[in-house]
Amino acid sequence: MIKNFLSLVFKSARYRPLRSWLTITGVVIGVMLVVVIFALSSGVKNILSTMLQSFGSELVFVLPGKETNPIAGLFGGQRFEEDDLMALGKIPGVEFVAPADVAVMNVELGGEKKSSMVHGIPWEPFQKIFRLSQGVRVRDGVYPTRDDSREIMLGQLAADKLFKRPVRVGDEIIIKSKRMLVVGIFGPMGSQEDDNSFFISLDTFHALTGQEAGAMSAFVKIDRGADIDLVSRQIKFELSKQEVVRDFSVLTPNRVNQLAGNILGVVEFVLFMIAVVSLVVGAVGIMNTMYTSVLERTRHIGIMKAVGASRESILSLFLIEAGIIGLIGGVMGIVLGLAVAFGIGIIAGNFGIEGLFSFAALDVFELFVVLVITFITGILAGFFPARTAARLEPAEALRYE
């Protein structure tokens with residue numbers, strides 16, 4: 001019985017291939033989006049976790065702006081007084097404080113000018129952060145030793161890709177008509193933004209920008225074994241005394257992970273709703289196709305009933321056909337979704353973001369659930385057309401033109 005049903009279903013699809021494939025396409029798009037979300041979300045979470053681990057569990061980030069949206073504060077132009085930040089070093093449990101600043105500047109090498117991010121950092125504390133917390137290594141050259149020297153370090157992409165020729169240790173970079181000596185080039189730092197950046201001392205940064213002493217943000221290194229949550233609350237209390245930056249964020253690694261997870265959750269929800277809408281559109285397409293199929297095969301239904309086919313058999317035939325359309329769309333959507341996720345992973349890898357997609361990280365059960373859902377969606381979409389076909393009277397069906 002099932003074999004005969006399947007034979008009839010595939011014969012019906014061959015008679016109207018364009019309509020069948022257009023209907024399947026609606027399902028494919030929705031399933032593809034769902035699979036891309038599943039395939040990349042775990043990779044994004046792993047990358048975030050790896051980046052946080054690379055910074056270490058003993059760093060607290062101080063930024064302008066509300067904690068719910070600290071990134072907006074970085075673009076608001078607010079700056080802490082350097083004395084207010086350095087006062088945090090007196091809090092019990094704080095090992096040292098490293099103020100940091102950043103700006104977009106024009107950098108020049110051999111007459112070729114580019115616009116890039118330039119970070120101002122105090123060399124000694126950041127050398128400790130890079131070596132002990134991040135594990136960032138110097139690929140070529142050395143760390144600068146003096147904050148009053150015009151020395152500069154580059155991320156690996158800034159050194160290798162930004163200019164027509166690679167930058168080497170000993171070259172001179174010109175920033176705002178000031179010549180800077182390249183003394184070191186970092187290895188991979190874990191993010192494309194940092195790998196494309198230039199690093200100078202905070203004192204030199206102030207001299208180039210003309211800004212007074214101060215910083216946009218700070219890294220606070222916590223003593224090993226200290227209660228990081230308790231220290232972060234003390235940092236908040238101390239910063240609440242200053243009046244320059246009224247809204248600020250004090251972020252521990254766990255809080256950063258939580259905020260990133262919340263943002264990712266919102267993005268996943270929006271994409272999932274888009275995928276649901278696509279599946280609903282696909283279901284409507286299946287329903288429309290099945291209604292049309294019932295009209296086109298009314299005489300065939302009458303013949304089947306005349307030779308003894310029951311209502312249940314007719315109902316099952318059209319439900320199976322609708323379910324198979326949904327199932328084919330599910331299989332194609334999964335294959336296409338994995339291909340898209342794989343392509344995104346390759347592109348991200350070329351930009352220095354490794355591990356965004358991995359076949360080993362896929363959850364086969366989730367993919368199976370997607371197939372079951374598409375099959376059920378097809379059956380539900382085809383239920384009313386199938387019921388209409390099952391209720392046709394044989395005599396009326398045979399007279400249908």
Side-chain angles (χ1 to χ4, degrees), residues 1-39 268-269 271-302 304-305 309-341 362-392 397:
M1 180 69 73
I2 296 296
K3 182 178 179 181
N4 293 333
F5 280 174
L6 292 176
S7 176
L8 287 172
V9 167
F10 287 113
K11 284 181 180 179
S12 174
R14 284 204 306 270
Y15 288 138
R16 52 181 195 283
L18 180 59
R19 187 195 308 157
S20 298
W21 284 115
L22 288 175
T23 303
I24 290 172
T25 300
V27 180
V28 169
I29 294 173
V31 174
M32 179 191 71
L33 289 174
V34 172
V35 172
V36 170
I37 294 170
F38 285 158
E268 287 180 344
F269 176 76
L271 292 177
F272 184 76
M273 291 307 298
I274 294 174
V276 169
V277 171
S278 299
L279 284 176
V280 171
V281 172
V284 172
I286 292 175
M287 186 178 294
N288 180 64
T289 295
M290 296 309 299
Y291 269 122
T292 305
S293 178
V294 170
L295 291 175
E296 291 177 346
R297 295 153 65 186
T298 299
R299 287 180 60 83
H300 296 163
I301 294 170
M304 292 173 65
K305 285 199 168 187
S310 64
R311 285 190 174 188
E312 290 74 15
S313 297
I314 301 298
L315 182 68
S316 299
L317 173 64
F318 282 90
L319 288 179
I320 291 175
E321 181 174 344
I324 287 178
I325 290 176
L327 187 63
I328 293 175
V331 172
M332 294 180 63
I334 287 176
V335 173
L336 186 59
L338 293 178
V340 171
L362 291 176
D363 190 332
V364 178
F365 179 73
E366 287 182 350
L367 300 180
F368 175 75
V369 170
V370 170
L371 282 180
V372 172
I373 290 175
T374 55
F375 182 70
I376 294 175
T377 299
I379 290 177
L380 293 177
F383 175 75
F384 290 106
R387 188 179 63 172
T388 300
R391 289 180 174 180
L392 287 174

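Computed from heavy atoms alone, side chains included, the values below leave out hydrogens, waters and symmetry copies.
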Revision key, fill the gap. Nearest heavy-atom contact between Gly323 and Ile379 is CA-CG1, 3.9 Å

Revision key, fill the gap. Exactly one of Thr374, Leu367, Val36, Val331 clears side-chain contact (heavy atoms from CB on, under 4.5 Å) with Val31, and that residue is Thr374

Revision key, fill the gap. Residue set satisfying side-chain contact (heavy atoms from CB on, under 4.5 Å) with Val369, at least two apart, ordered chain then number -> Phe365, Ile373

Study note, to complete from the structure: The side-chain contact (heavy atoms from CB on, under 4.5 Å) partners of Val28 (sequence neighbours excluded) come to Ile24, Met332, Leu336

Check your understanding: Do you know the tightest heavy-atom contact between Gly382 and Ala322?
Key -> CA-CB, 3.8 Å

Review point. Considering residues at least two apart in sequence or located in another chain, which fulfil the side-chain contact (heavy atoms from CB on, under 4.5 Å) criterion with Leu380?
Key: Ile376

Revision key, fill the gap. Hits for side-chain contact (heavy atoms from CB on, under 4.5 Å) against Leu327, two or more places apart or cross-chain, chain-then-number order -> Leu371, Phe375

